[in-house]
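Comments concern the structure below.
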Amino acid sequence: MVPVLAQMERYGVKVDRDTLSRMSNAFAQKMAGLEAEIHEVVGHPFNVGSPKQLGEILFEEMGLEGGKKGKTGAYATGADVLEDLATEHTLPGLVLDWRQLSKLKSTYTDALQDHINKETGRVHTSYSITGASTGRLASTDPNLQNIPIRSEEGRRIREAFVAEEGKVLIALDYSQIELRLLAHIADLPALKQAFADGQDIHAMTASEMFDVPLDQMTPEIRRQAKAINFGVIYGISGFGLARNLRIPRAEAQGFIDRYFERFPGIRTYMDDTKAFAKEHGYVQTLFGRKIHTPEIASKGPRAGFAARAAINAPIQGTAADVIRRAMIRMPAAIEGMPAKMLLQVHDELLFEVDKGAEDDLINAARDVMENASDPVVKLDVKLTVDAGTGANWAQAH
DNA sequence: AGTGCAGGCCAC
DNA sequence: AAACGTGGCCTGCACT
């Protein structure tokens, strides 16, 4: 019996070189145009890809306000800084566009071509089972767990991940698994009920927090609640939420206080988890796997990082346990089917399946994934899995 | 020419 | 004192 991870590495995923090559050329053209425009705005040529040079141009040559230097004495020119500056000047927006294309070209359309195996025509990533402290896998050479999806431009890179002739790709992903596990672990009745009722979870949170009826929900209020939901999983702070939502810190802290009021289990969970970590030097997933937290006793800035990591670890770690249990059971569950499990992306499994066998695979794989915690852990919240099918990874989502 | 870090940015 | 968790890869740059 070949171990699951080794099987996946051997199968690999088919990647179409021509698609990547065409996209790469298109990116190069657009970058050249932007670069010329950027040099014109600045008045002289420079290396657009050098944050150091850009910072000096923005904050010294051009004299824009708000330049902040980091530890190394260089001005910060990250996307958040440039987005703020974009209201003052045309240059930052142009640089942001250039950087997006540069990232997509260098890291994806160019680098992925170099990873296509000559014999198989496929890309074979490597998975490290000890790659992340929480128990997640880590993918390297190439990392196939960070292929773009959020931006329209980037998402198209997934069109190069294709099924062979006569086959399709099928993506199955857990819906909101970490929030569901949070509802169970922190014992949040309102959240559990919302999942049981199949509600829009961020809208429900917004409704509870801001006293807005669901039928009067606005996208903006929902967006704020979504940011808070994610923040809670990560061990939220008023400062961090303020930065994310771009609102005053006092207002962000007010949101958090309100959240704790409406979902009191959250505060108990956070306090209990920190106390447990301090006493034992580790925290645990629902399955009893230990995640060591040696820095929990630190003083200074490290203390905050360690506390947030300890709060996040049981949630992220339990999700990692769940999908790993599913992966281990998968070969037996799909035995005899013309289907191969190709990739894992934390809450998603990607399969390549003969046309005609889609429904069988989805039924079998979904059943394994949704029940992966059985029989060791009985969850108060059902795990649900969304499925998509297509000729490429973009369509399968 | 190789090495390692910093800054930046992609994913969940 | 820093400021939301887990990762990996790319370029620039300083260094040997």
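Computed from a predicted model, the values in this text were never measured in an experiment. We name chains A, B, ... by the order of the sequence lines, and we start the count at 1 in each one.
Phosphate proximity of dG7(C) to T140(A): absent, as no side-chain N or O sits under 4.0 Å from OP1 or OP2. Considering only side-chain N and O atoms, N143(A) lies nowhere under 4.0 angstrom from the phosphate OP1 or OP2 of dC10(B). Close to dC9(B), at under 4.0 Å from its OP1 or OP2, lies a side-chain N or O of R99(A). Contact annotation: S133(A) reaches the phosphate of dG7(C) (side-chain N/O to OP1 or OP2, under 4.0 Å). Phosphate contact (OP1/OP2 of dT6(C), side-chain N/O of Q145(A), threshold under 4.0 Å): absent. An OP1 or OP2 oxygen of dG7(B) is reached within less than 4.0 angstrom by a side-chain nitrogen or oxygen of T72(A). Proximity of R150(A) to the phosphate of dC12(B): a side-chain N or O atom is located under 4.0 Å from OP1 or OP2. Phosphate contact (OP1/OP2 of dC13(C), side-chain N/O of S50(A), threshold under 4.0 Å): present.
Evaluated for a side-chain hydrogen bond (donor to acceptor under 3.5 Å, both in side chains) with N229(A), the options E178(A), Q224(A), H202(A) yield exactly one hit, H202(A).
Contacts of F305(A) with the nucleic acid, taken as non-hydrogen atoms under 4.0 Å apart, involve only primed sugar atoms and P, OP1 or OP2. At a threshold of 4.0 angstrom between heavy atoms, the contacts of A303(A) with the nucleic acid are absent. Within 4.0 Å (heavy atoms only), R243(A) reaches sugar-phosphate atoms of the nucleic acid but no base atom. Across all strands, G49(A) comes closer than 4.0 Å only to sugar-phosphate atoms, never to a base (heavy-atom distances). Among the atoms of the strands shown, base atoms are found under 4.0 Å from some heavy atom of I236(A).
Considering every non-hydrogen atom in both T293(A) and A310(A), the closest pair reads CG2-CB, 4.1 Å.
Of the N and O atoms on the side chains of N25(A) and Q29(A), not one donor lies less than 3.5 Å from an acceptor on the other residue. Checking T19(A) against D16(A) by side-chain atom types alone, a donor-acceptor pair falls below 3.5 Å. Counted by atom type alone, Q145(A) and Q344(A) present one or more donor-acceptor pairs between their side chains at under 3.5 Å.
The distance between atom CG of N47(A) and atom P of dA6(B), rounded to the nearest whole Å, is 20 Å. The CD-P distance, from Q53(A) to dT11(C), rounds to 16 Å in whole Å.
Between F255(A) and Y259(A), a ring centre-to-centre spacing not shorter than 6.0 Å is recorded.
The base of dC9(B) sits within donor-acceptor range of the side chain of K103(A), with an N or O pair under 3.5 Å.
Residues of residues 307-329 of chain A having a heavy atom closer than 4.0 Å to DNA chain C, listed by number: R308(A), A309(A), N312(A), Q316(A). Taking every heavy atom of residues 260-281 of chain A and every atom of DNA chain C, no pair lies under 4.0 Å.
Relative to the ring axis of F305(A), R308(A) places its NZ or CZ within 45° and under 6.0 Å from the centre.
Under 4.0 Å is where a charged nitrogen must lie from a carboxylate oxygen, and between R325(A) and D374(A) no such pair does. For the pair K226(A) and D200(A), the salt-bridge criterion is not met [side-chain N within less than 4.0 Å of a carboxylate O].
Using bins of under 30°, 30° to 60° and over 60° for the plane-to-plane angle, the ring pair Y282(A)/H292(A) lands in the perpendicular bin.
For the P atom pair drawn from dG7(B) and dA3(C), the interatomic distance equals 12 Å after rounding to whole Å.
Which of dC9(B), dC10(C), dT6(C) sits closest to the side chain of R136(A) comes down to dT6(C). With distances taken from any side-chain atom of P51(A) to the nucleotides dC13(C), dC10(B), dG7(B), the minimum falls on dG7(B). Of the candidates dC12(B), dG8(B), dA2(C), dA2(C) carries the atom nearest the P301(A) side chain, counting heavy atoms from C-beta on. Checking dA11(B), dG7(C), dA2(C) against the side-chain heavy atoms of P148(A) singles out dA11(B) as nearest.
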